[in-house]
Amino acid sequence: MFNKFYTPKIVKMALNLWPPFWGAGIAITEIGPNFTYVNVRLKLRWWNKNANRTQYGGSIFSMTDPIYALMLMGILGKEYYVWDKQAGINFIKPGSSELTARFCLSEETIESIYRETESGEKYFPEFVTAIVDTNGEVVAEVKRTLYIRKKPKFREAVVSQV
């Protein structure tokens, strides 16, 4: 755990009060007790509609912005740097209703992150998230690449044998 204040309950409350989310109509509806899943909702409001009266693309993209990084910060704790490195979105159809997204980290993914970063190497895992409408149809897919690296003071010294 990152620290006693970095709990799913506190992170959920903080994100739901965070102006970029609150103002866009984005809400965290659930965070798993161990940060392995997060559910996010984007309501369709008059202030986040585009010229075509559907969900504004920037809000759709924003609903995915810090999620995987924050999940991994909660899982990996203070020993790791976790940053969003790169992201892209594929708009598939207009979002004309409330939208939701579910972010999941499997045990295999977490184990892979530990394995790939144990010696202090940089690791760039990719995650794809589907944004769905109230009918369960995919409106957009977002691909995010993260930067993960163990902080220097937590790396084990590599001893070379001569």
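Keep in mind the model is a prediction, meaning the values are calculated, not measured. Throughout, numbering of the chain's residues begins at 1 and tracks the sequence.
- A salt bridge is defined here as a Lys NZ or Arg NE, NH1 or NH2 lying under 4.0 Å from an Asp or Glu carboxylate O, and E118 with K150 fails to meet this definition.
- Side-chain contact between I26 and R41 is absent, with no heavy-atom pair separated by less than 4.5 Å.
- Sorted pairs that involve residues 38-59 and meet ring-ring contact (aromatic ring centres under 6.0 Å, His included), not counting sequence neighbours, are lacking altogether.
- The side-chain heavy atoms of V139 and P94, taken from C-beta on, include no pair separated by under 4.5 Å.
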Check the pair V38, V11 against side-chain contact (heavy atoms from CB on, under 4.5 Å), reporting the backbone distance first and the verdict last. CA-CA 11 Å; V38 173; V11 170; over 6 Å; no

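- Figure legend: cation-pi geometry between R102 and Y37, with NZ or CZ positioned under 6.0 Å from the six-membered ring centre and within 45° of its axis.
- The number of heavy atoms from other shown groups lying within 6.0 Å of CH2 (W22) does not exceed 12.
- Scanning both residues, F35 and P8, for their nearest heavy atoms gives CZ-N, 3.4 Å.
- The closest side-chain donor-acceptor pair between N34 and T36 falls under 3.5 angstrom.
- Side-chain atoms of S59 and F21, non-hydrogen and from C-beta on, never get closer than 4.5 Å to each other.
- In this structure, the side chains of L146 and L72 come closer than 4.5 Å at one or more pairs of heavy atoms.
- With sequence neighbours left out, W83 forms a side-chain contact (heavy atoms from CB on, under 4.5 Å) with Y81, Y147.
- Going from atom CD1 of I28 over to atom CG of N16 covers 6.0 Å, rounded to the nearest 0.5 Å.
- Figure legend: cation-pi geometry between K85 and F124, with NZ or CZ positioned under 6.0 Å from the six-membered ring centre and within 45° of its axis.
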Applying side-chain contact (heavy atoms from CB on, under 4.5 Å) to V82 and L76, what does each step give before you reach the verdict? CA-CA 9 Å; V82 182; L76 301 174; 4.0 Å; yes

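- Side-chain atoms of T109 and S106 include a donor-acceptor pair closer than 3.5 Å.
- Summarising the hydrophobic clusters (Ile, Leu, Val, Met, Phe, Trp, Tyr; side-chain heavy atoms under 4.5 Å, direct or chained), the residues clustered with L44 are none.
- The distance from the CD atom of Q86 to the CD atom of E126 is 7.5 Å, given to the nearest 0.5 Å.
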Could you give me the CA-CA distance, side-chain angles and deciding distance for L42 and T100, then say whether side-chain contact (heavy atoms from CB on, under 4.5 Å) is met? CA-CA 6 Å; L42 173 61; T100 57; over 6 Å; no

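- Looking at heavy atoms from C-beta onward, I131 lies in side-chain contact with M63 at the 4.5 angstrom threshold.
- Members clustered with M13: L17, by chain and number, using a 4.5 Å side-chain heavy-atom cutoff among hydrophobic residues.
- In this structure, R149 does not pair ionically with E121, as no charged nitrogen and carboxylate oxygen lie closer than 4.0 Å.
- Exactly one of K12, K9, M71 qualifies for a side-chain contact (heavy atoms from CB on, under 4.5 Å) with I31. That residue is K12.
- Here the CG-OG1 distance, from L99 to T134, works out to 8.5 Å after rounding to the nearest 0.5 Å.
- Applying the ring-ring contact (aromatic ring centres under 6.0 Å, His included) rule to pairs touching residues 85-110 yields Y68-F103, sequence neighbours excluded.
- Evaluation of the side-chain contact (heavy atoms from CB on, under 4.5 Å) rule for A87 yields F61, R144 as partners, not counting sequence neighbours.
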